[in-house]
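A short write-up of the structure that comes next.
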Amino acid sequence: MKITGVELRRIAMPLVAPFRTSFGTETERDVLLVRVVTSEAEGWGECVAMSEPLYSSEYVDGAAEVMRRFLIPALTALPRVDAYAVGRALEPFKGHRMAKAALESAVLDAELRASNTSFASYLGASRDRVPCGVSVGIMDSIPRLLDAVAGYLDEGYVRIKLKIQPGWDLAPVRAVRDRFGDDLLLQVDANAAYTLLDAPHLAKLDDFGLLLIEQPLADDDLVQHAALAKRLSTPLCLDESIESARHAAAAISLGSCSIINVKPGRVGGYLEARRIHDLCRAHGVAVWCGGMLETGLGRAANVALAALPGFTLPGDTSGSSRYYATDITEPFVLQDGHLPVPTGPGLGVGPVPEILNKVTTSTEWIPS
Ligand code: OSB
Ligand code: MG
């Protein structure tokens, strides 16, 4: 398979409701899509970088720039390409994992469409549907939060994740527990909003029987996460801190976490995501599939990954309607709290041309 060219396409997708985290409020998802055209087939990849470098150092304009200037030329120069070759060719370029992941996914989609294989079977999925959790943003008031959670539970979500930050932590967690009971699978995500000095405060969350606390401290601080883990009975989960299998190995060795949120974009692609899954499974560390407000394209691949045997906790793999009134693919719809794993070749879904064109803000063709 040889690449003939790559299209960079920017789309603007209004969110059904603002999504507030400790690092900012999102009302519209600004997404960079990659379409790789090869001698055999075409493939799509979704870059999960956000418009500003607040979750991580990457951002959409930066991802587009590094792709057109360095990453795409390195790939179009290859006489033959497949998903593994992408990783090798891009390895010299430091960082920019979300940009690399989008390119690797697009090449993998093309490769799998050409060989009539699904993402799920290529990755080694062991299930045909995955249980779905939902990530609930910070709200203006507790009653609004309770309404939002009640709505999601009515839709069938099997696990609730509350975004927290200093000033929005114990009270919302207590309110959700009081209203929905002890059996509700409940967890929290701080997006690095605390410091180790907050350990006594965070330990008060231990009373609420949470599944886990996600990324309480700074992304680059595995040592302090290990210290915090010793002071909490709630299991500690890392998101931002884990950018590779090497980071996962270090975190496990140090005791920085007992659970990992695997996001393929954050770790440079589905192949590295699978390596992290394999490593964690061998260590008895649970993983679950995170999300970055993906459209149906990224969601299709995430659902395939979440069907691997080590993904033992429900992921942030929500239905399309949790994010978008109209998805660019056929929508992912919850069935009894689960999403079906796509079975068609490659991602198993593709953009609907009329919808895609309506949300497109720019396109750029980079020939080989
Ligand atoms: O920290 O998991 C996170 C969304 C954007 C950036 C970071 C995060 C999130 C979410 C939502 O929590 C996950 C999703 O539903 O896609
Ligand atoms: Mg997170």
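Order of appearance sets the numbers: ligands from 1, and atoms from 1 within every ligand.
- Tested against Glu243 for a salt bridge (Lys or Arg N to Asp or Glu O under 4.0 Å), the candidates Lys94, Lys100, Arg266, Arg97 yield a single pass: Arg97.
- Less than 4.0 angstrom separates some heavy atom of Asp239 from each of these atoms of ligand 1: 1 (O), 2 (O), 3 (C).
- Of the candidates Lys163, Lys263, Arg159, Asp316 forms a salt bridge (Lys or Arg N to Asp or Glu O under 4.0 Å) with just one, namely Arg159.
- Taking 4.0 Å as the cut-off, Arg322 does not count as a neighbour of ligand 1 on heavy-atom distance.
- The main-chain N or O of Gln165 is found under 3.5 Å from a side-chain atom of Tyr194 such that the two form a donor-acceptor pair.
- Side-chain contact annotation: Gln215 with Ser241, donor-acceptor N/O pair under 3.5 Å present.
- At a 3.5 angstrom cut-off on N or O pairs, Tyr323 counts as close to ligand 1.
- Cluster membership check: Leu54 does not share its hydrophobic cluster with Tyr59, using side-chain heavy-atom separations under 4.5 Å among Ile, Leu, Val, Met, Phe, Trp and Tyr.
- Near Tyr55, meaning under 4.0 Å from any of its heavy atoms, are these atoms of ligand 1: 1 (O), 7 (C).
- Closest protein heavy atom to atom 6 (C) of ligand 1: Met292 SD, 3.5 Å.
- Polar contact check, Lys263 against ligand 1: a nitrogen or oxygen pair lies under 3.5 Å apart.
- For atom 13 (C) of ligand 1, the nearest non-hydrogen atom of the protein is Gly291 O, 3.3 Å.
- Between Lys163 and ligand 1 there is a heavy-atom distance shorter than 4.0 Å.
- The shortest N or O to N or O distance between Leu293 and ligand 1 is under 3.5 Å.
- For Glu214, the N/O/S atom at the shortest distance from the Mg ion (ligand 2) is named OE2.
- Using a 3.5 Å distance cut-off with no hydrogens or angles, the side chains of Thr295 and Asp327 do not pair a donor with an acceptor.
- Ligand 1 places these atoms under 4.0 Å from at least one heavy atom of Glu214: 2 (O).
- Under 2.8 Å from the Mg ion (ligand 2) lies an N/O/S atom of Asp189, whether from backbone or side chain.
- The shell of residues lying under 4.0 angstrom from ligand 1, judged by heavy atoms, includes Lys161.
- Inclusion of Phe19 in the set of residues having an N or O under 3.5 Å from an N or O of ligand 1 is not warranted.
- Salt-bridge formation is not detected for the pair Asp198/Lys204: no Lys NZ or Arg NE/NH1/NH2 atom is positioned less than 4.0 Å from an Asp or Glu carboxylate oxygen.
- Not a single N/O/S atom of Asp316, whether from backbone or side chain, sits less than 2.8 Å from the Mg ion (ligand 2).
- Considering just the N/O/S atoms of Asp239, the one nearest the Mg ion (ligand 2) carries the name OD2.
- Counting atoms of ligand 1 from 1 in the listed order, those under 4.0 Å from a heavy atom of Ser135 are 10 (C), 11 (C), 12 (O).
- Atom-to-atom distance recorded for Leu222:CG and Leu254:CG is 6.0 Å, nearest 0.5 angstrom.
- Per-residue contacts place Asn191 under 4.0 angstrom from the following atoms of ligand 1 (heavy atoms of the residue considered): 1 (O), 3 (C).
- One finds no salt bridge joining Glu91 and Arg88 here, because no Lys/Arg side-chain nitrogen approaches an Asp/Glu carboxylate oxygen to under 4.0 Å.
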* What's the verdict on side chain to side chain contact (heavy atoms under 4.5 Å, CB included) for Tyr157 and Arg322, showing C-alpha distance, side-chain angles and the deciding distance? -> CA-CA 11 Å; Tyr157 286 101; Arg322 184 257 171 268; 3.8 Å; yes

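- For ligand 1, one of its N or O atoms has an N or O atom of Asp189 under 3.5 Å away.
- Both Val48 and Ile260 belong to a single network of hydrophobic side chains, linked directly or stepwise wherever heavy atoms of I, L, V, M, F, W or Y lie under 4.5 Å apart.
- Salt-bridge check for Glu42 with Arg35: passed, with a basic side-chain N closer than 4.0 Å to an acidic carboxylate O.
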